[in-house]
Amino acid sequence: MEKTVRTRFAPSPTGFIHIGNLRTCLYAYLFAKQRNGTLILRIEDTDQERIVPGAVELIYSTLEKAGIVHDEGPDKDGGYGPYVQSERKAIYMEYAKKLIELGGAYYCFCTKERLESLTDENGVRTYDKHCLGLSKEEIEENLKNGVPFVIRQNIPKEGTGTYHDMIYGDISVDYSELEDNVLIKSDGMPTYNFANVVDDHLMKITHVIRGVEYLSSTPKYNLIYDAFGWERPEYMHLPPIMKDASHKLSKRYGDANFDDFVRKGFLTEAIVNYIALLGWCPKDNSEKMTMQELIEKFDTAGISKSGSIFDEAKMRWLNQQYIKELPFEKFMEYARPYFDQSIAKDKYDYEKLGKILCTRIEIFSEIPQKIAFLDEYGPFDTSLFEHAKSKTTAPLAKEILEKILPVYEEIGEWTNDNLFACSEAFAAANGYKKQQVFWAVRVAVAGRDVTPGGATELMDILGKNETLKRIKYALTLF
RNA sequence: GGCCCCUUGGUCAAGUGGUUAAGACAUCGCCCUUUCACGGCGGUAACAUGGGUUCGAACCCCGUAGGGGUCACCA
C-alpha cells in the first residue's frame, strides 16, 4: 500500500514570490494532487533579519491568484502545526539536544575571531571540529556560565553519502566535502539545515521538492535522518530558471515576480501555464493547458535537468491565446482598468475600442499605447497616402477624399456598418477599388499608415464631427 | 580552487542504439484581409568538442571545453 503523498512548499517571507519559487510550488502541487496527496505550506522564517513585513500575506495572495491551493498551512491546520518555523523554536532545540546525545551534533563555543582564522588560502573556511573535543565538564561549565554557543552537525570525516534523486538519479558526495554546519544558531533559532529536516519528518513529508541548489547538500540532511533513525524522504530537485545563459532569474535584481506580470496585464492562468512548461514537457507535447490538465499530465519523466531561460515573448504569445478565448465581456472586464488609464477615458467608447483591440494585444498593458494615436492627430506627409498594392497615390487619395466628404456628411446613422456599406457603394459607383477608398480615408482620419482597426471602425470611434474635421484637415495637406 | 550537476536550432523542447532529428515561440516569405493584427501555408535554423564501444550513435563509456550549483550563525 502506497503511502499518501505529502509535499510541501516552504518559502521564507522575504518579499515577492519569485517565478522560480512559484514553479517549485506548482510542481509540488501538481505532483501531490495527481496522487490525491497533500500540499503543505510552511513558512521558513528562522532568519529574523531577512523577514519582510507583509511577505506572508503576499505568499497567500500569490498562491490564491495562481490557483494553487494548499491543504495545510498556518491558515489551515492539518494537525501537524505550527506551520511557521519561528513558532517551533523549542521543538528544534529539543531535537538538537537529542541529536547531540546520539552523536550527530555537538556544542560549539568558538568565537567569530577563531572561526575567521580558519580561512585557507582559497578563502574557503572549514570548521576544524575543535569543540567536538571538549570534555563534558568543559561544556557544562560553558553552558552554566552562559557562554554563547551554537550546535553543529557532526559529519564523519570519511565516507560517502549517496541517495537517489527522482530527476538527477544517483548522487554521491564525499563527507569530507561537507562541513559541520550550524544547526542551532546562537539566538536559539535553527538554520535551514536543521529545521527542514525536523519539520519534514514531523510533518510526514514524503517527497521533498525543491531547487537544485540543495542537490549536493542533501547527503548532510540524510545524515540527520539516519542519526535519528528516521526514514528519508524522496527527493526531487528542480533545475533553475534562468534570465539568460549564465544568470539565474533572481529576486535581488527584481527580474521577475508573479505580481509584476499580473500588473503588466498577463492573465494568471497564462503565467502559471507558461512556468509549468519551463523545465517540463508533457508526454503529448501539449502547450496550452488548464490547471486540471496540468495535474493530469504532470510526470517527473518530462522534467529536464538543465536550466531554462525565461522567455517573455513566448509567455506573451501564450497570454494572447488565453485572451483570444475570453468571452468579450470578460475581455472588457480585464481591459477596463487599462482604458481608464488611457486617452479613452471619458472620451471614447470602451466597447468599440475593445472590439478592435481584442485580437491585437498580447498583454493588457499594451492598451494605452495602442490607442494613443487617436489623440495624436496632426500634420503628416501626404506620401502616406501612397499604397502600392492597391495602386493608391496621393492625388488619387485627394480626389477620393474630396468626393466622399459630402457622402459622409449625409450619413444619418453614424455606425460602422453604415459607414462600411456606404464607402463600398461609393467605390463601386465611382470606379474606385474599395481598397483605395478605405486606404485614403483611413490615412486621412488617422494620420498614419498603420492602425489597429480599419477605416470605418476608426471613424465610428472618432464620431462624425471629428471624422469630418479630420478629412477636411487632411485635404489641406496636399 | 575542491566537490556535485548540466550541454539538441536565437528560446522552450521531443527524442532513451537504426528518425528525412518532432512540435511551439521568435524570425523570414506567401495567402487571406479595410492598413495592422487574427487566421492559413511555407522557409531559414540544432545534436558543444575529441576519442572510444558498436554493423550502426543525439542516445552508452572516457577525456576536453563551456555553463550552473555548492563550499554561511541565508534559505
Side-chain angles (χ1 to χ4, degrees), chain A residues 10-12 14 44-47 49-50 108 112 115 120-127 148-152 165 167-169 171-174 176-179 181-193 195-196 210-219 237 239-240 242 244-248 274 277-288 301-302 304-318 320 324 356-362 370 384 387 389-390 420 423-424 434-439 441-443 446 448-458:
Chain A
S12 45
T14 55
E44 307 218 329
D45 60 348
T46 56
D47 186 355
E49 288 181 15
R50 291 206 310 159
C108 173
K112 204 175 206 145
L115 257 23
D120 71 8
E121 64 278 3
N122 284 325
V124 177
R125 196 168 68 201
T126 312
Y127 187 62
F149 70 89
V150 299
I151 294 177
R152 285 182 184 276
D165 182 85
I167 291 163
Y168 290 92
I171 304 293
S172 292
V173 179
D174 287 343
S176 59
E177 296 295 332
L178 273 20
E179 212 204 344
N181 295 289
V182 169
L183 263 24
I184 299 288
K185 303 186 263 190
S186 54
D187 65 357
M189 275 290 187
T191 59
Y192 173 83
N193 302 123
N196 98 78
R210 60 182 16 160
V212 256
E213 60 268 28
Y214 297 106
L215 192 70
S216 52
S217 53
T218 296
H237 291 278
M242 316 287 286
D244 58 52
S246 57
H247 299 279
K248 234 166 75 147
Y274 177 70
L277 254 20
L278 262 189
W280 171 67
C281 181
K283 280 208 172 56
D284 62 4
N285 265 306
S286 310
E287 294 212 294
K288 188 166 175 295
S304 58
K305 294 186 174 87
S306 50
S308 320
I309 297 174
F310 188 90
D311 183 8
E312 191 168 327
K314 179 139 187 180
M315 185 163 78
R316 290 174 69 107
W317 168 79
L318 232 201
Q320 188 181 38
K324 283 191 310 206
I356 66 169
L357 253 23
C358 64
T359 58
R360 279 173 253 250
I361 58 167
E362 289 184 314
K370 274 264 196 280
L384 286 184
H387 182 56
K389 217 174 149 201
S390 63
F420 188 88
S423 304
E424 215 175 17
K434 107 184 172 188
Q435 285 85 349
Q436 295 173 321
V437 173
F438 283 120
W439 180 270
V441 172
R442 193 176 54 82
V443 170
R448 59 181 61 209
D449 56 350
V450 174
T451 57
T456 60
E457 288 162 325
L458 297 185

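In the text below, chain A, chain B and the rest are named by the order of the sequence lines, each starting its count at 1.
Atom pair A:His237:NE2 and B:A75:P shows a separation of 17 Å (rounding to whole Å applied). Taking atom NZ on A:Lys314 and atom P on B:C25, their separation rounds to 6 Å, with Å as the unit. Regarding A:Gln435, its CD atom lies at a distance of 11 Å from the C1' atom of B:U35, rounded to whole Å. Rounded to an integer number of Å, the gap from A:Gln436 CD to B:U34 P is 13 Å. Going from atom CD of A:Glu287 over to atom C1' of B:C12 covers 8 Å, rounded to whole Å. Remark: C1' of B:U34 and CD of A:Glu424 are 9 Å apart, rounded to the nearest angstrom. The nearest whole Å value for the distance from the CH2 atom in A:Trp439 to the P atom in B:U33 is 16 Å. Atom-to-atom, CH2 of A:Trp317 to C1' of B:A13 comes out at 13 Å; the value is rounded to the nearest Å.
Put simply, the side chain of A:Asp244 gets close to the backbone of A:His247: a donor and an acceptor are under 3.5 Å apart. The backbone N or O of A:Gly454 sits less than 3.5 Å from a side-chain atom of A:Glu457, completing a donor-acceptor pair. A:Gln436 places a side-chain N or O within donor-acceptor distance of the main-chain N or O of A:Ser390, the cut-off being under 3.5 Å. At least one donor-acceptor pair closer than 3.5 Å links the side chain of A:Glu179 to the backbone N or O of A:Tyr127. In terms of modelled atom types and a separation under 3.5 Å, the side chain of A:Arg316 and the main chain of A:Ile361 share no donor-acceptor contact. A:Thr14 places no side-chain N or O within donor-acceptor distance of the main-chain N or O of A:Arg50, the cut-off being under 3.5 Å. A donor-acceptor pair is defined here as one N or O able to donate and one able to accept, closer than 3.5 Å; such a pair exists between the side chain of A:Tyr274 and the backbone of A:Asp311.
A:Lys389 comes within 4.0 angstrom of a nucleotide base, judged by non-hydrogen atoms across all strands. If you check every strand for non-hydrogen atoms under 4.0 Å, A:Phe420 touches a base. Contacts of A:Lys283 with the nucleic acid, taken as non-hydrogen atoms under 4.0 Å apart, are absent. Residue A:Lys112 is classed as having no contact, given no heavy-atom separation below 4.0 Å to the nucleic acid. Among the protein residues, A:Asp449 comes within range of the nucleic acid bases, having at least one heavy atom under 4.0 Å from a base atom. Counting non-hydrogen atoms under 4.0 angstrom, A:Ser423 reaches nothing in the nucleic acid. A:Ser304 comes within 4.0 angstrom of the backbone, heavy atoms only, and of no base. A:Gly279 comes within 4.0 angstrom of the backbone, heavy atoms only, and of no base. Heavy atoms of A:Ser306 sit under 4.0 angstrom from primed sugar atoms or phosphate atoms, though from no base atom.
B:A57 and B:A21: their P atoms are spaced 14 Å apart (whole Å). Taking atom P on both B:A46 and B:U11, the two are 12 Å apart, rounded to the nearest angstrom. Atom name P, nucleotides B:G2 and B:U64: the rounded distance is 11 Å, in whole Å. Across B:G68 and B:G39, the matching P atoms stand 37 Å from one another, rounded to whole Å. Comparing the P positions of B:G15 and B:C74 gives a spacing of 42 Å, expressed to the nearest Å. Taking atom C1' on both nucleotides, B:U7 is separated from B:C12 by 15 Å, rounded to a whole Å. Rounded to whole Å, the C1' atom of B:A14 lies 33 Å from the corresponding atom of B:C3. B:C59 sits 34 Å from B:C41 when the C1' atoms are compared, rounded to a whole Å.
One finds the CG atom of A:Asp165 at 9.5 Å from the NZ atom of A:Lys305 (value rounded to the nearest 0.5 Å). Taken from CZ in A:Arg152 to CD1 in A:Ile184, the straight-line distance is 13.0 Å, to the nearest 0.5 Å.
In this structure, the nucleotide among B:C74, B:C6, B:U35 sitting nearest to the side chain of A:Tyr168 is B:C6. Which of B:U34, B:C74, B:C38 sits closest to the side chain of A:Lys324 comes down to B:C38. The side chain of A:Arg50 lies closest to B:A75 when the candidates are B:G10, B:A75, B:C5. Minimum atom distance to the side chain of A:Val173 is reached by B:C3, of the listed B:C3, B:A37, B:C5.
Remark: A:Thr46 is in phosphate contact with B:A75, judged by side-chain N or O atoms under 4.0 Å from OP1 or OP2.
Nucleotide B:A48 is matched to B:U64 when pairs are restricted to Watson-Crick or G-U wobble geometry with both distances under 3.5 angstrom. The base-pairing partner of B:G9, taking Watson-Crick or G-U wobble contacts with both distances under 3.5 Å, does not exist among the strands shown. For B:C3, the paired base is B:G69 (Watson-Crick or G-U wobble, both distances below 3.5 Å). Under the Watson-Crick or G-U wobble criterion, with both distances below 3.5 Å, B:C41 is paired with B:G29.
In terms of position along RNA chain B, the nucleotide closest to A:Leu277 lies nearer the 5' end than the nucleotide closest to the other residue of the pair A:Ala10 and A:Leu277. Comparing A:Pro452 and A:Ala313 against RNA chain B, the residue whose closest nucleotide sits nearer the 5' end is A:Ala313.
Between the side chains of A:Ser286 and A:Asp284, at least one donor N or O lies within less than 3.5 Å of an accepting N or O.
Judged by distance alone, with hydrogens and angles left aside, A:Ser186 brings a side-chain donor or acceptor within reach of the base of B:C73, the pair sitting under 3.5 Å. Between the base of B:U35 and the side chain of A:Arg442 there is a donor-acceptor pair shorter than 3.5 Å.
Once the 5.5 Å centre distance and the 30° plane angle are applied, the aromatic ring of A:Phe438 is found stacked with the base of B:U34.
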* Nucleotide by nucleotide, 5' to 3', does protein get under 4.0 Å of the base (B), only the sugar-phosphate (S), or neither (-) in nucleotides 64-72 of chain B, counting heavy atoms? -> ---SSBSSS
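Between A:Cys281 and A:Asn285, the shortest heavy-atom distance links the atoms SG-OD1, 3.3 Å.
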